[in-house]
Amino acid sequence: MHLRCNNRNCAHTLDLHERVVACPQCGDLLEVVVDAPQAEPAALKRMWLERRMSNASADRSGVWRFRDLLPGPYDPDSLVTLSEGNTPLVHGLKTGKAAGLDRLFFKHLGWNPTGCFKDLGMTVGMTEAKFVGAKIVACASTGNTSASLAAYAARAALSAQVYLPSGKISLNKLAQAIDFGAEIVQVDGNFDAALDQLLNTTNKDIYFLNSVNPFRVEGQKTVMIEMMEQLDWQVPDYVITPGGNLGNTSAFGKALEELKEFGFIDRAPKLIVVQAAGANPFAELWRSGADEITPSSHPETVATAIRIGNPRSWRKALHSVKYTGGFVMDVTDEEIGEAKSLIGLDGIGCEPASATTLAGLRKMQSQGKLDRGATVVAILTGHALKDTDYILKAHAKLKGAHLAEVPS
Ligand code: F0G
């Protein structure tokens, strides 16, 4: 296993544990090149399920039980884990009706230790940080990455610094980062400015744990592996996911490509990425067919988790969407609000950014682009309790009524 530059024209390779943020030749992002597993797919599928019945710490993690397709090997005692992953697929009942789908499933990544999918990447990123002897770990964040980084750094006994857009993140997420003991750096500007500020710091002791870190991407791959396992390896028609900095989209595409290449599946589900209309540079790129993304300088949306104008992983994400034959779309804040309300009324709940998925499906349905018999997995990225202010304000405005009508 080794690191490789994501730019196919450069393809510079490095040792797996080389401590660099980007390709030293061309500055593009790096990716982990995973070796084909030794065992046959059928044997590995059985072993992954068997590990769910084991009490060993590495097996209890819904990330590390798939370690055959992850970087390593690490000493099992050195893993920084909170038993993340193993999140369910929940059948969408009222939400299924609202999207005109009989087989809508939510993969709820909000039901992870810190309430968000970031834990899946952080367990791998933090384990690698410890492996290379890092003392300080840091990230810029719209809130969730900071909460996750703070928790896993605490477990690894490393110092944590989180760069946050001042006044622009949910207080629930800020409270988590404080609770887990991170140093908070408030940045006057949005997420993009916070990430720039962090990446420009000259402190050589800092280990970066944003999703530009290829080890984070590896952990987030397990969402697709676990989803396929939960569907008994029957490939769904669509996987629909929110898009912000586009690390998750990159991870999902990489996972699907590897699963196909190594013989676990014979085709990939179409990957649909949904952005908020006020923070939609990736959707604009898709619509225009341009070669390069045009960052938006004033991203704005109620879904603060994806209030991002300059997504760093757009090249990887574009490759993922094209590889699967999927597409990119956007939805308004009103559509996000209605979808979030419906997900709540289905007894599931999620934070605003996650509701872009159902909003996107309803938009597809209204345009006649969704077949009732399709099997769809919508990725819910964050827990309802991640942004309680949003819920209370929305309902105060409506004087207790719900935003959306549940279809009968
Ligand atoms: N949903 C939630 C709840 C998020 O927190 C994020 C990203 C996304 C979706 C988008 O995922 O960036 O991989 O496309 N949150 C980051 C953070 C940026 O700092 O917490 P992406």
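Nothing fancy with the numbering, it's 1 onward along the sequence. Indexing begins at 1, ligand by ligand and atom by atom, following the structure's order.
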Using distance alone, with no hydrogens and no angle criterion, decide if [X] and [Y] have a side-chain donor and acceptor under 3.5 Å apart.
{"X": "Glu351", "Y": "Asn144", "result": "yes"}
{"X": "Lys107", "Y": "Thr87", "result": "yes"}
{"X": "Ser354", "Y": "Thr381", "result": "yes"}

Are any of the N/O atoms on [X], whether in the backbone or the side chain, positioned under 3.5 angstrom from an N/O atom of ligand 1?
{"X": "Ile308", "value": "no"}
{"X": "Gln220", "value": "no"}
{"X": "Gly243", "value": "no"}
{"X": "Asn248", "value": "yes"}

Students should be able to answer this: which protein heavy-atom is nearest to [atom], and at what distance?
{"atom": "atom 18 (C) of ligand 1", "answer": "Thr142 OG1, 3.5 Å"}
{"atom": "atom 11 (O) of ligand 1", "answer": "Phe117 CZ, 3.5 Å"}
{"atom": "atom 4 (C) of ligand 1", "answer": "Ala305 CB, 3.5 Å"}

Compare [options] and give the one whose heavy atom is closest to [atom].
{"atom": "atom 16 (C) of ligand 1", "options": "Lys386, Lys118, Arg307", "result": "Lys118"}
{"atom": "atom 21 (P) of ligand 1", "options": "Val273, Leu246, Thr356", "result": "Leu246"}
{"atom": "atom 1 (N) of ligand 1", "options": "Thr381, Ile306, Thr145", "result": "Thr381"}

| request: For the pair His383 and His108, name the ring-plane relationship: parallel under 30°, tilted 30 to 60°, perpendicular over 60°. | output: tilted
Which label fits Tyr74 and Trp64: parallel for a plane angle under 30°, tilted from 30 to 60°, or perpendicular past 60°? perpendicular
Going by the 4.0 angstrom heavy-atom rule, the piece of Ala353 near ligand 1 is side chain
